[in-house]
Participant: 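I have a structure I would like to understand better, so I am pasting it below and will then ask my questions one at a time.
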Amino acid sequence: MNIAVCVKQVIDTEAEKKLDPSSWRLDRNVNCILNPYDEYAVEEALRIKEAHGGQVVAVCMGPEKATDAVRKALAMGADTGVLVSDEALAGSDAQGTAYVLAEALKGLEWDLILFGVRSTDGETGCVPAAVAERLGIPLLSTLAKVEVEGSTLKVHRETEQGYVAYECPTPAVLSVIKGINEPRYPSMMGIMGAKKKPLEVKDAGALSLDKSRIGLDGAKTRVLSARIPEPRKAGVKVEDDGSGAQKIAEFLASEKLV
Amino acid sequence: MSNQSGILVVAEPKDGKLANVTLESITQARALTAAAGGPVSVVVAAAEAAPFVAAAGLFGADRVYVVETPEAAVFRSNVFIDAAMAAIEAAEPAMVLCSGSPDGRDVAAGCAARLDAGLLVDLTGLEAKDGRFIATHPCFGGTVIVEKEATGGVAVATVRPNVFAREETPKDPEVISLEVEFGAGSLLAKVLDVVCENVGIVSLEEASTVVAGGRGMGSAENFKLVQELADVLGAAVGASRSIVDEGWVSHQYQVGQTGKTVSPQLYIACGISGAIQHAAGMQTSKCIVAINKDPEAAIFNFADYGMVGDAVALVPALTEEIRKRKSAS
Ligand SMILES: Cc1cc2nc3c(=O)[nH]c(=O)nc-3n(C[C@H](O)[C@H](O)[C@H](O)COP(=O)(O)OP(=O)(O)OC[C@H]3O[C@@H](n4cnc5c(N)ncnc54)[C@H](O)[C@@H]3O)c2cc1C
């Protein structure tokens, strides 16, 4: 079973956010990491490969710097990497990203495509479904369990009350949630080895991308404004003197919250 | 140039009812179309649509498109995308609102890809201005707030639960039944089983009150105290990641960057330090109450009401206090 796992580089949650007021774009010259959800996708891909054989390719769209995210996937154990990187891609929205990833995936061999359920920065959670739609293959999202039997997938999709079990033939697009597995840390060997693994960088021309669909101009949405909200302020802080529970209840009642 | 008008809400059936976020979206759609014009339509895909159609009418839908088929008995992304697409073609709306849930995201993204339309996600605000729709959405865990609009004819959006009001305005909607030819690919995923482990659970993302516990509760055993407080408040239960990782509760309860995002009226954090990744999932709550024994805990930097003390003692005492007040009133 050959697997493509899509990965994204995101700004570390702990990094300070700075907005460029002319483009509304976020300053990415801060600490960036592999999207935490994608670690679960990479791990799941590796587990399927270890059980059933095949190759794992990590696919990423992003600036040159995003090579690090692909290398991390390689260090964890992915076999090859593809980074789609081009100035023309900057400013692409979720739709643009899905178009680019779908085009990149068309040129690769896979039976299964894995995603993390969402990114921790753009947070749209919409790219997996849009890629599935563009490739015309089934989508199974928000998965807490994936099992492979031959060319059949058996998966659990998390719901509020429990889960729904589905069966689906490959090829398919899957998105996975935290809790599906415990991602491995790349070993020293893995990190060294990752530097020698094939990582192909492709530009818009190499994928014959339609320029009207990519980048800021191709975006189907326009940012009108972006702002960093005032951080929430601290309210009252009270020391418990034995009547703490009554005081909280009084506060809740005064705010009409109970 | 475009003849698209009005708003189409893609209904999310949930436990035999319409999800609150669907009702909130219908209510908001009504307010917006009052100014911008056009009808409020709702599309319901279900095995038995009648109760959902009635609910849509109760909240003021002008038109309800019905895709009644056993294929839609349980959510399947591709089936629900096909159903929503059929209604979009019939209704020609200017805006499509889906729920900000896993199901709604799949449907919204699938439809937007097929329509090549602008996709706006996780809306916490939606305004109509000169015939355009302007959407507000928080990203980076609420640390950046973006205003966006779609550039094409029709926009597809997902709406965050609990941000718009729900208001009944009974109407007798026009009901239009749609026959949908599902593509072979749409029926490939088959439902094997629906497993309900937590029957009757208050939905974390839709709850107006959330009581969440963290490592400060001390043990899995003590976490029951959080559940009891939630029960007396009719609240949903949430958890920090550390205790999910400890195995006290399952991942479904996790609030934060790698869990759920909630915006309740009231969020009570019990023994939670308030790490940035936790805050990312709850800092848009209207009111935050924190109980933590460490006066320097980060949660006090953004809680509206902080109680410095032992959560293991305070949580059951608060449960008792609220029970007393409830029985007195
Ligand atoms: C990539 C990544 C993603 C993450 N995603 C999430 C996420 O989605 N959600 C999330 O929650 N975290 C997430 N985290 C983890 C986060 O950084 C914190 O580690 C976690 O939120 C801490 O949980 P906690 O507050 O329960 O535990 P702790 O940090 O251990 O805090 C326990 C708190 O309880 C207090 N306490 C102890 N005893 C008592 C008592 N008897 N009474 C009252 N108070 C007491 C302590 O003072 C302390 O403040 C993520 C981390 C990373 C790196």
Side-chain angles (χ1 to χ4, degrees), chain A residues 13-14 17 19 36-37 94-95 98 120-126 129-130 133-134 136-142 158 160-169 177-179 220-229 231-232 234-240 244-249 251 255 257-258, chain B residues 74 77-78 102 105-106 109-110 112-114 117-121 139-141 143-152 185 188-199 201 203 251 257-258 266 276-277 280 283 287 289 300-309 314 317-318 321-322 325:
Chain A
T13 313
E14 298 186 33
K17 314 282 178 316
L19 284 169
Y37 277 108
Q95 281 276 45
T120 56
D121 56 1
E123 289 191 289
T124 74
C126 285
E133 183 62 37
R134 290 191 181 278
I137 57 176
L139 163 74
L140 292 154
S141 74
T142 329
E158 189 188 62
E160 261 156 19
Q161 305 212 329
Y163 63 87
V164 178
Y166 298 88
E167 187 182 82
C168 186
I177 58 173
K178 170 181 173 286
K220 300 285 184 294
T221 53
R222 183 182 316 138
V223 176
L224 302 170
S225 75
R227 65 189 167 85
I228 294 180
R232 268 187 105 104
V236 259
K237 188 161 73 180
V238 184
E239 195 91 33
D240 180 24
Q246 279 108 296
K247 285 195 181 129
I248 299 172
F251 169 78
E255 296 286 318
L257 290 165
V258 284
Chain B
V74 177
S77 304
N78 303 84
R105 273 193 286 276
D106 286 0
R114 212 179 286 180
L119 180 58
L120 303 158
V121 294
C139 49
F140 298 97
T143 54
V144 179
I145 311 284
V146 177
E147 267 191 335
K148 270 186 174 178
E149 67 176 346
T151 51
L188 286 174
K190 300 215 157 43
V191 176
L192 297 178
D193 200 4
V194 178
V195 178
C196 295
E197 288 156 341
N198 335 302
V199 182
I201 190 176
S203 159
H251 170 70
Q257 183 185 293
T258 43
L266 170 63
I276 187 163
Q277 294 90 351
Q283 64 193 354
C287 177
V289 171
F300 290 130
N301 297 334
F302 56 93
D304 300 284
Y305 190 90
M307 177 58 66
V308 183
L314 280 163
L318 181 57
E321 188 63 31
I322 288 166
R325 282 166 184 256

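By convention in this document, chain letters (A, B, ...) are assigned in the order of the sequence lines, proteins followed by strands, and residues within each chain are numbered from 1.
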Participant: Does the side chain of Lys237(A) come within less than 4.5 Å of Val308(B)'s, by heavy atoms?
Facilitator: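 Val308(B) reaches Lys237(A) side chain to side chain.
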
Participant: Kindly indicate whether the side chain of Cys287(B), heavy atoms from C-beta on, has any atom under 4.5 Å from the side chain of Phe251(A).
Facilitator: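 They are in side-chain contact.
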
Participant: Identify which part of Val144(B) has an atom lying under 4.5 Å from any heavy atom of chain A, answering side chain, backbone, both or neither.
Facilitator: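 Answer is both: backbone and side chain atoms of Val144(B) are under 4.5 Å from chain A.
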
Participant: Please flag which part of Glu147(B) lies under 4.5 Å from any non-hydrogen atom of chain A: side chain, backbone, both or neither.
Facilitator: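 Both backbone and side chain of Glu147(B) come within 4.5 Å of chain A.
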
Participant: Are the side chains of Arg325(B) and Val258(A) in contact, using a 4.5 Å heavy-atom criterion?
Facilitator: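 Heavy-atom side-chain distance check fails, nothing below 4.5 Å.
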
Participant: Which answer fits Val289(B), side chain, backbone, both or neither, if we ask what part of it has an atom under 4.5 Å from a heavy atom of chain A?
Facilitator: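 The side chain, not the backbone.
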
Participant: Which one wins on heavy-atom pair count under 4.5 Å against chain A: Val146(B), Asp106(B), Val74(B), Leu120(B)?
Facilitator: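 Heavy-atom pairs under 4.5 Å are most numerous for Asp106(B).
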
Participant: At a 4.5 Å cut-off on heavy atoms, which part of Asn78(B) comes close to chain A: side chain, backbone, both, or neither?
Facilitator: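 The side chain, not the backbone.
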
Participant: Quick check for you: to the nearest 0.5 Å, what is the distance between Thr120(A) atom OG1 and Gln257(B) atom CD?
Facilitator: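 One gets 4.5 Å once the value is rounded to the nearest 0.5 Å.
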
Participant: Under 4.5 Å heavy-atom distance to chain A, tell me which part of Ala189(B) shows up: side chain, backbone, both or neither.
Facilitator: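 Interface part for Ala189(B): both.
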
Participant: I'd like to know which of Val191(B), Ile322(B), Ile201(B) tops the heavy-atom pair count under 4.5 Å against chain A.
Facilitator: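 So the answer, after comparing Val191(B), Ile322(B), Ile201(B), is Val191(B).
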
Participant: Do Ser141(A) and Arg105(B) come close enough that some side-chain heavy atom pair is under 4.5 Å?
Facilitator: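 Heavy-atom side-chain distance check fails, nothing below 4.5 Å.
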
Participant: With chain A, which of Thr151(B), Leu266(B), Ile276(B) has the greatest number of heavy-atom pairs at distances under 4.5 Å?
Facilitator: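 So the answer, after comparing Thr151(B), Leu266(B), Ile276(B), is Thr151(B).
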
